[in-house]
**Student:** 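To start, I am sharing the structure in question, which I have written as structure tokens.
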Protein chains: 2
Amino acid sequence: MTNLEASVIGTFGFSNEEFQSIQSFFKPLSIKKGEYFLEEGKYCRYLGFVESGILREHMYINEKEVTKWFSSTGYFATDLIGFLHGEKSRVNYQAINDVELMVLSKDNYDLLGKHVERWATLEKLFLTKCFSVLENRIVSHLSMNAEERYKAFFEFQPSLFYQVPLHQIASMLAMSPETLSRMRAK
Amino acid sequence: MTNLEASVIGTFGFSNEEFQSIQSFFKPLSIKKGEYFLEEGKYCRYLGFVESGILREHMYINEKEVTKWFSSTGYFATDLIGFLHGEKSRVNYQAINDVELMVLSKDNYDLLGKHVERWATLEKLFLTKCFSVLENRIVSHLSMNAEERYKAFFEFQPSLFYQVPLHQIASMLAMSPETLSRMRAK
DNA sequence: TGAACTTCTTGATATATGTCAAGACGAAGG
DNA sequence: CCTTCGTCTTGACATATATCAAGAAGTTCA
């Protein structure tokens with residue numbers, strides 16, 4: 001069973017039949033360490049699902065690089081708004097290490113509604129999951145200090161800390177690399 | 001023309017016919033200053049649209065009150081995840097002043113798909129707008145300091161600053177009331 | 001192997017922001 | 001009308017976090 005299958009059936013509650021009917025729309029894509037899956041200013045033609053490896057989502061603001069998210073195994077990767085609306089991406093997705101993806105083109109994505117009866121429901125579930133993740137992050141910024149954000153994220157995804165440069169994690173948590181280093185020291 | 005009509009046609013691109021077909025599903029609701037439109041732990045039975053007045057979205061974390069958002073004229077109000085999934089609310093919506101709403105019950109919301117042909121498209125547009133707002137807020141926390149967040153939000157909604165207690169705005173921007181007061185002094 | 005990088009840590013210090021306390025002011029209510 | 005309460009500001013001070021700088025390891029690559 002691929003990770004895609006496990007995720008789509010487990011997390012999103014697709015039936016086996018539903019999964020079979022969408023599977024053929026995905027195709028595999030390999031990306032080498034350092035290469036880009038998506039670049040700022042280019043059209044978001046693909047929705048990626050990470051089978052293995054880690055992609056980093058980042059953008060430049062006032063010449064400073066801001067890490068927004070990491071898509072590791074089992075996560076989807078794209079500028080969702082850009083993808084759904086057929087617009088240019090505002091973010092980059094770069095491979096932290098060698099990455100294996102299953103990707104769905106925008107054209108195929110738009111066809112799913114005709115091939116999967118429950119698609120409207122399933123798509124809504126997907127969108128609301130994404131929404132929920134962001135909502136929780138907002139709350140974390142409203143109610144936690146740097147140390148609490150570090151602890152919460154470390155509990156959530158400890159494995160990332162051994163695979164990703166820590167200064168990038170620090171950026172994603174809105175703190176300096178030195179601060180993150182000091183919290184780890186405790 | 002009601003604000004609901006203007007918003008749904010202007011922002012979401014409904015046709016007049018589409019608006020007419022959904023209008024009857026909404027009903028008006030008045031809320032007095034201080035009263036609640038939605039409370040933590042209760043089921044989210046309604047999606048509200050603010051015709052006039054301001055609602056404040058807030059929650060309690062470690063006994064501390066955290067203001068998450070303000071829904072002023074032209075905004076929707078509900079715990080979106082709770083509403084869509086038929087779950088209990090994690091937030092409160094309290095009236096800052098007397099508020100006039102147009103509300104859509106969960107039952108009616110679920111009926112819209114059968115009455116409006118483009119509903120799947122329109123609903124997706126609604127969800128992605130909400131998603132986009134959150135995404136921008138995340139980026140603001142990753143790339144701005146308190147003063148920059150204050151300035152950006154003040155430019156975005158200056159009128160709020162004259163209608164809402166400033167300490168609540170401070171909470172929403174993740175800073176202390178004193179800090180907000182000092183930024184304003186400049 | 002050695003040189004050039006990157007990453008991570010640590011210390012010293014600077015700065016932004018939070019906390020505490022007090023007072024001014026206006027609104028709400030008896 | 002007075003009292004009380006909530007709001008906002010301001011000052012003094014505390015603290016969290018950022019910045020700057022240096023060095024130790026680990027990596028990459030010729």
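Computed from a predicted model, the values in this text were never measured in an experiment. Just so it is clear: chains get the letters A, B, ... in the order the sequence lines come, proteins before strands, and each one is counted from 1.
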**Student:** Please give, in whole Å, the distance from C:dA16 P to B:Met183 CE?
**Tutor:**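 Rounding to the nearest Å, CE of B:Met183 and P of C:dA16 are 9 Å apart.
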
**Student:** Whole-Å distance between C:dT7 P and A:Glu65 CD?
**Tutor:**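 After rounding, the gap between these two atoms is 10 Å.
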
**Student:** Do the side-chain N and O atoms of B:Ser30 and B:Glu100 include a donor-acceptor pair separated by under 3.5 angstrom?
**Tutor:**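 Judged by distance alone, the side chains do pair up.
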
**Student:** Looking at C:dT19, D:dC8, D:dA18, which one has an atom nearest to any side-chain atom of A:Ser176?
**Tutor:**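 Minimum distance to the A:Ser176 side chain belongs to D:dA18.
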
**Student:** Check this for me, if you would: do A:Lys151 and A:Glu147 make a salt bridge, where the nitrogen-to-carboxylate-oxygen distance has to be below 4.0 angstrom?
**Tutor:**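 Salt bridge present between A:Lys151 and A:Glu147.
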
**Student:** I want to verify a distance call: between C:dT19, C:dT17, C:dT10, whose nearest atom is closest to the A:Ala185 side chain?
**Tutor:**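 In terms of side-chain proximity for A:Ala185, the closest of C:dT19, C:dT17, C:dT10 is C:dT10.
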
**Student:** Round to the nearest Å and state the distance from B:Leu173 atom CG to C:dT17 atom P.
**Tutor:**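 B:Leu173 atom CG is separated from C:dT17 atom P by 12 Å.
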
**Student:** Does the base of C:dC8 carry an N or O that pairs as donor and acceptor with the side chain of A:Glu178 under 3.5 Å?
**Tutor:**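 Side chain to base: no pair present.
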
**Student:** Round to the nearest Å and state the distance from B:Ile169 atom CD1 to D:dG6 atom P.
**Tutor:**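 Those two atoms, CD1 and P, are 19 Å apart.
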
**Student:** Would you mind reading off the distance between B:His167 atom NE2 and C:dT19 atom P, rounded to a whole angstrom?
**Tutor:**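 So the two atoms are 15 Å apart, to the nearest Å.
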
**Student:** Figure out the CG/C1' separation between A:Asn97 and D:dT27, and round it to whole Å.
**Tutor:**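 Interatomic distance, CG of A:Asn97 to C1' of D:dT27: 15 Å.
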
**Student:** Nearest of C:dT17, C:dT7, D:dT10 to any side-chain atom of B:Asn145?
**Tutor:**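 Within the option list, the nearest is C:dT17.
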
**Student:** Whole angstrom is fine here: how far is it from CG in A:Leu166 over to P in C:dT10?
**Tutor:**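 For the pair A:Leu166 CG and C:dT10 P, the rounded distance is 12 Å.
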
**Student:** Return the value, rounded to whole Å, for the distance between atom CE of B:Met175 and atom P of C:dT19.
**Tutor:**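 The distance from CE of B:Met175 to P of C:dT19 comes to 13 Å, rounded to the nearest Å.
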
**Student:** Using a heavy-atom cut-off of 4.0 Å across all strands, would you classify A:Arg184 as base, sugar-phosphate, or nothing?
**Tutor:**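 Contact class for A:Arg184: sugar-phosphate only.
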
**Student:** On the nucleotide C:dG18, are OP1 or OP2 found under 4.0 Å from the side-chain N or O atoms that B:Thr179 carries?
**Tutor:**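 Affirmative; the distance criterion is met.
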
**Student:** For A:Gly48, is there any backbone N or O sitting under 3.5 Å from a side-chain donor or acceptor partner on A:Thr78?
**Tutor:**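 Side chain of A:Thr78 to backbone of A:Gly48, a donor-acceptor pair under 3.5 Å: no, none is there.
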
**Student:** Given the rule in the side chain to side chain contact (heavy atoms under 4.5 Å, CB included) test, do A:Asn3 and A:Met102 qualify, once you have shown the distances and angles that lead to the verdict?
**Tutor:** CA-CA 10 Å; A:Asn3 283 318; A:Met102 294 296 287; over 6 Å; no

**Student:** Among the candidates D:dT9, C:dC8, C:dC20, find the nucleotide nearest to the side-chain atoms of B:Ser181.
**Tutor:**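 In terms of side-chain proximity for B:Ser181, the closest of D:dT9, C:dC8, C:dC20 is D:dT9.
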
**Student:** So which nucleotide from C:dT7, D:dT7, C:dA28 ends up closest to the side chain of B:Lys33?
**Tutor:**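 So the side chain of B:Lys33 is nearest to C:dA28.
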
**Student:** Measuring centre to centre across the rings, with the benzene-like ring taken for any Trp, is A:Trp119 within less than 6.0 Å of A:Phe126?
**Tutor:**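 Aromatic pair excluded; centres sit 6.0 Å or further apart.
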
